[in-house]
Amino acid sequence: MATDRATRLRRLARVLTVRFGLDRHRRGEVEAGWSPSSGAWTCAWTDGPTVAQVRAACRESGPEEAAGLRYVRTLSEDAVALGAVRLTVAAADGTGPPSPVRPAGVEALWEDEPFPAPRTERERALVYAVVYEAHDAHHRNRAEAEEICALVNQYGLAVFLRRCGAALSPVELLTAHYAATHAHPAWRHRLAPMEADVLVRAVRADPGAPAELVSAALALLPGLPAASDDGAGDELRARLGRTAPPA
């Protein structure tokens, strides 16, 4: 009977929730039951384990209940934003805008990866900035996957990195300043920095470069070939001395 299967599926859902630690996960529990929209018995959860993991666990814990069961793993806003960030950064073509990120691409990215989560504090900050902007842009406290992807495609990642106040390395600091004037859209779109030697030359050619940029250029010099120094170190240190406040 349908009511019996519904009861067994609810019991199985509780087993799965505990097995995968979703009772301690902020995305909630596994839910199982009849789905009128799909017309099928369905096991559904957010983020968490992969479909393959849940399917295998269902067949192990409740083979009868698993027969004909449909598995639906949805992605939270944070997981979608994180996927959009990862795919944008990983774009192969650094000379221009990357291929637009789509929800289907984000789903494919996480298909075999359980519990999508930021690897670094920078990723965490970017995800927060993207989701916050998506909410603000649509004047509601939720955003669809299509809206999140469209936002990243439209603005790129540099604007969100700036808004979240993440610390920049010397090469990133200089790229953020000179990318627009040196036809380097890859920074705006996917945070791809310019070449260090190009950045040093840009600072040397910029008589108005503030001390912060001059210091950043000096920090890049040890990583350049000795032949490319061309007196840059002495020149930049002299400029930095001229801009330093009097003792």
Side-chain angles (χ1 to χ4, degrees), residues 1-91 99-128 130-132 134-135 140-153:
M1 295 177 60
T3 54
D4 291 340
R5 184 168 192 190
T7 299
R8 294 197 306 270
L9 282 175
R10 284 195 295 270
R11 189 179 303 118
L12 177 60
R14 287 194 294 271
V15 170
L16 295 172
T17 294
V18 173
R19 175 168 178 167
F20 289 107
L22 293 177
D23 52 336
R24 303 185 302 275
H25 194 258
R26 68 190 184 97
R27 295 303 173 197
E29 304 177 344
V30 175
E31 297 181 355
W34 178 257
S35 172
S37 60
S38 63
W41 294 99
T42 302
C43 182
W45 66 100
T46 300
D47 297 346
T50 67
V51 168
Q53 289 175 319
V54 173
R55 181 185 291 113
C58 282
R59 291 173 177 172
E60 176 187 330
S61 302
E64 292 184 9
E65 291 77 8
L69 195 60
R70 180 172 176 262
Y71 300 91
V72 179
R73 181 199 194 197
T74 59
L75 296 175
S76 66
E77 295 174 338
D78 285 359
V80 172
L82 179 60
V85 168
R86 291 258 182 100
L87 290 172
T88 301
V89 170
S99 299
V101 175
R102 307 293 187 196
V106 173
E107 290 181 4
L109 176 68
W110 299 133
E111 181 177 1
D112 298 319
E113 184 166 342
F115 295 93
R119 295 171 182 158
T120 64
E121 286 304 314
R122 172 173 288 194
E123 276 194 341
R124 194 181 309 279
L126 282 171
V127 166
Y128 178 85
V130 169
V131 172
Y132 183 93
H135 289 178
R140 45 182 158 81
N141 290 325
R142 60 179 178 83
E144 302 296 331
E146 292 82 359
E147 295 167 343
I148 292 172
C149 291
L151 197 67
V152 173
N153 291 331

Counting only heavy atoms not in Phe115 (residues, nucleotides, ligands), do more than 12 fall under 6.0 Å from its CZ? yes
State which residues pass side chain to side chain donor-acceptor pair (under 3.5 Å) with Thr46; sequence neighbours excluded, sorted by chain then number. Thr74
Does the Arg102 side chain pair with the main chain of Ala104, one donor and one acceptor, at a distance under 3.5 Å? no
Heavy-atom pair with the smallest gap, counting every atom of Gly83 and Leu109: CA-CD2, 3.7 Å
Show every donor-acceptor pair shorter than 3.5 Å between a side-chain atom in residues 11-20 and any protein atom, with sequence neighbours excluded, or say none if there are none.
unit_1: Thr17; atom_1: OG1; unit_2: Ala13; atom_2: O; d: 2.9
unit_1: Thr17; atom_1: OG1; unit_2: Val30; atom_2: N; d: 2.9
unit_1: Arg19; atom_1: NH2; unit_2: Glu60; atom_2: OE1; d: 3.3

Could you walk me through whether Thr50 and Tyr71 satisfy the side-chain contact (heavy atoms from CB on, under 4.5 Å) test, starting with their C-alpha distance in whole Å, then the side-chain angles of each, then the deciding distance to 0.1 Å, before giving a yes or no? CA-CA 10 Å; Thr50 67; Tyr71 300 91; over 6 Å; no
Considering non-hydrogen atoms only, spot the tightest contact between Asp47 and Ser76 and give its length. OD2-OG, 2.7 Å
With rounding to the nearest 0.5 angstrom, report the CH2 to CZ distance, Trp41 to Arg8. 8.5 Å
How close do Cys149 and Val101 get, counting heavy atoms only, and between which atoms? CB-O, 3.3 Å
How long is the gap from CD on Glu31 to CG on Leu22, to the nearest 0.5 Å? 11.0 Å
Any side-chain to backbone donor/acceptor pair from Asn153 onto Pro100? Under 3.5 Å, distance only. no
Testing the basics here: between Ala117 and Glu123, what is the closest heavy-atom pair and its distance to 0.1 Å? O-OE1, 4.5 Å
Donor-acceptor contact present, side-chain Glu147 to main-chain Ala143, <3.5 Å: no
For the atom pair CD (Glu77) and CD (Glu144), what is the distance rounded to the nearest 0.5 Å? 8.5 Å
Hey, mind stepping through Leu9 and Leu69 against side-chain contact (heavy atoms from CB on, under 4.5 Å) and telling me if it holds? CA-CA 10 Å; Leu9 282 175; Leu69 195 60; 4.0 Å; yes
For the residue pair Ala81 and Val130, what are the closest heavy atoms and their distance? CB-CG1, 4.0 Å
Within-4.5 Å side-chain heavy-atom neighbours: Val80 and Trp110: no
Nearest heavy-atom contact between Ala134 and Leu151 is N-CD2, 3.6 Å
Main chain of Ser35, side chain of Ser37: is a donor-acceptor contact present, judged purely on distance under 3.5 Å? no
Determine whether a donor-acceptor pair (N or O, by modelled atom type, separation under 3.5 Å) exists between the side chain of Arg73 and the backbone of Gly48. yes
Do Leu126 and Pro118 touch side chain to side chain, with heavy atoms closer than 4.5 Å? no
